[in-house]
Amino acid sequence: MPQSPAASSRSLSAQVPEAAAGKPLIAPSLLSADFSDLRREMETVATAPWLHLDVMDGHFVPNISFGMPVIKALRPHSKAFFDAHLMVSPVDPHLDALAEAGVDQMTVHVEGNWHLNRTLQRIAALGCKVGVALCPATPPEVLGEVLELVDTILVMTVNPGFGGQTFMPGQLPKIRRLAQMIDENEERTGRRILLGVDGGINLQTAPLVTAAGARLLVAGSSVFGQKDRPATIAALQAAACAGEEGGRSVEDVSARSPSMR
């Protein structure tokens, strides 16, 4: 498929960023920012190389957030990797406009997308990285037929559509299974897929998801709810590193209160 004029005119060499020294990535979610001053809010998390942009249309999820004009207006003011998480239905009519707006990756949901393979191919043709998100009720095996097209897999550890929700410990086995699928795929193809989580990430849950195999952690209210955002991002990354290095069992997590945030 041909690329859009905007995609061909901007750099197509942007790669999924790797954190310094191989550390897990913390991706602040702009959904939890102050919408009355998004540019300033974005600048307060400039220490993070990845920015998560939740696009909601009131159909796939109940809420409406922001769309392409806002993303396009913010793009010149940040060097971060822009990952647009598309909680919209249908999604295909918006892909070209998102590329025009300057996103680096589009993350689309499996659920409700009858032609996922075609959608992922179109995202790649537009010069963007390809992400796929899974809601809590969706099994990991649904991605078995499209792994060769995917750069990032995002596991929702809350139900999509609202910020500030409670982390679901029951998603940890899914993260572990996807990490195994990613390892097996890399052995076959040599391609490495980035595994991320989105929902309820904080200092307590960050080490749990990295111990299960996640490398990208989307954090909304736990970052934007703090005054010192750079320090919070650093603390989250340290907690994520601790989980990756030390590990925690799923059994340990299952015994925890389901109300942890």
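Note that the structure is predicted; figures quoted are calculated from it, not measured.
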Fill in: ILVMFWY network linking V88 to I64, side-chain heavy atoms under 4.5 angstrom
no

Practice prompt. Dump the intermediate steps for side-chain contact (heavy atoms from CB on, under 4.5 Å) on H94 and M68, then the final yes or no.
Written response: CA-CA 9 Å; H94 305 291; M68 282 65 84; 3.8 Å; yes

Fill in: Residue pair M106 / L126: nearest heavy atoms and the distance that separates them
CE-CD1, 4.1 Å

Fill in: Gap between atom CZ of R215 and atom CD1 of I182 - 0.5 Å precision
11.0 Å

Discussion item. I'd like to know whether F66 forms a side-chain contact (heavy atoms from CB on, under 4.5 Å) with L74, so could you lay out the CA-CA distance, the side-chain angles of the two residues, the decisive distance to 0.1 Å, and finally the verdict.
Written reply: CA-CA 12 Å; F66 49 78; L74 292 174; over 6 Å; no

Item to complete: Starting at CD of Q105, measure out to CD1 of I123 and round the result to the nearest 0.5 Å.
Response: 8.5 Å

Worksheet item: Can we say K23 and E244 salt-bridge, meaning some charged N sits less than 4.0 Å from an Asp/Glu carboxylate O?
Response: no

Worksheet item: A239: what forms a side chain to side chain contact (heavy atoms under 4.5 Å, CB included) with it, not counting sequence neighbours?
Response: L203, A206, P207

Worksheet item: Do L172 and F167 have side chains that get closer than 4.5 Å, going by heavy atoms?
Response: yes

Response to the item:
Heavy-atom closest pair (A48 atom, I26 atom, distance to 0.1 Å) is CB-O, 3.6 Å

Side-chain polar contacts of residues 135-145 - donor-acceptor pairs under 3.5 angstrom, sequence neighbours left out - could you list them?
unit_1 : atom_1 : unit_2 : atom_2 : d
T138   : OG1    : E111   : OE2    : 2.4
E141   : OE2    : R177   : NE     : 3.3

Item to complete: Take D198 and L216 through the test side-chain contact (heavy atoms from CB on, under 4.5 Å) and record every step on the way to the result.
Response: CA-CA 9 Å; D198 180 4; L216 168 68; over 6 Å; no

Fill in: CG-CD1 distance between L98 and I71, expressed to the nearest 0.5 angstrom
5.5 Å

Discussion item. When you measure from the side chain of R191 to the backbone of V150, do you find a donor-acceptor pair of N or O atoms at a distance under 3.5 Å?
Written reply: yes

Item to complete: Say whether, by atom type as modelled, one donor and one acceptor occur between the side chain of T232 and the main chain of V223 under 3.5 angstrom.
Response: no

Fill in: Same apolar cluster: I201 and M168, side chain cutoff 4.5 Å
no

Practice prompt. With rounding to the nearest 0.5 Å, note down the distance linking CD in E41 to CD in E43.
Written response: 10.0 Å

Discussion item. Looking at every non-hydrogen atom in both residues, tell me the closest pair between G170 and P173 and how far apart they are.
Written reply: O-CD, 3.2 Å

Discussion item. Please check: side-chain N/O of Q171 versus main-chain N/O of T157, any donor-acceptor pairing under 3.5 Å?
Written reply: no

Worksheet item: Is any side-chain heavy atom of V209 less than 4.5 Å from a side-chain heavy atom of V155?
Response: no

Worksheet item: Which pair of heavy atoms, one from L31 and one from F35, lies closest together, and at what distance?
Response: O-CE1, 3.7 Å

Fill in: Student check: side-chain heavy atoms of L120 and R122 closer than 4.5 Å
no

Response to the item:
Smallest heavy-atom separation, P28 atom then V45 atom, equals CG-CB, 3.8 Å

Worksheet entry | Heavy-atom side-chain proximity of K174 to L178 below 4.5 angstrom | yes

Discussion item. Donor-acceptor pair, distance only, cut-off 3.5 Å: does the side chain of D104 make one with the backbone of D83?
Written reply: no

Discussion item. Under a 3.5 Å cutoff, is there a donor and acceptor pairing between the side chains of H52 and D54?
Written reply: yes

Discussion item. Please check this pair: side chain of S29 against backbone of A219, looking for a donor-acceptor N/O pair closer than 3.5 Å.
Written reply: no

Worksheet entry | R75 side-chain N/O to G102 backbone N/O, donor-acceptor pair under 3.5 Å | yes

Worksheet item: Taking side chain as C-beta onward, heavy atoms only, is V108 less than 4.5 Å from L116?
Response: yes

Worksheet item: With distance as the sole test, does S32 use its side chain to make a donor-acceptor pair with the main-chain N or O of S221 at under 3.5 Å?
Response: yes

Fill in: Side chain T47, main chain P230, donor-acceptor under 3.5 Å
no

Practice prompt. Measure the spacing between CD of Q237 and OG1 of T210 and express it to the nearest 0.5 Å.
Written response: 10.5 Å

Discussion item. For the backbone of S89 and the side chain of D57, can you confirm whether one donor and one acceptor N or O come within less than 3.5 Å of each other?
Written reply: yes

Discussion item. For a 4.5 angstrom cut-off between non-hydrogen side-chain atoms, does F81 reach L25?
Written reply: no

Discussion item. If you apply the rule side-chain contact (heavy atoms from CB on, under 4.5 Å), what do you find for D183 with M181, and how did you get there?
Written reply: CA-CA 5 Å; D183 287 342; M181 291 171 62; over 6 Å; no

Worksheet item: Between L236 and S222, which heavy-atom pair has the shortest distance, and what is it?
Response: CD1-OG, 4.0 Å

Discussion item. Quick check: do L95 and D92 have side-chain heavy atoms less than 4.5 Å from each other?
Written reply: yes

Practice prompt. Could you tell me whether the side chain of V146 reaches within less than 4.5 Å of the side chain of V110, counting heavy atoms only?
Written response: no

Practice prompt. Find the distance between CZ (R118) and CG (N113) and round it off to the nearest 0.5 Å.
Written response: 8.0 Å

Item to complete: Mind telling me whether H109 and F60 have parallel, tilted or perpendicular rings, with 30° and 60° as the class edges?
Response: tilted

Discussion item. Can you pull out every ring-ring contact (aromatic ring centres under 6.0 Å, His included) where at least one residue sits in residues 177-231? Sequence neighbours excluded, please.
Written reply: none

Practice prompt. Before accepting this row, confirm whether a basic side-chain N of the pair D151/R192 lies closer than 4.0 Å to the acidic partner's carboxylate O.
Written response: no

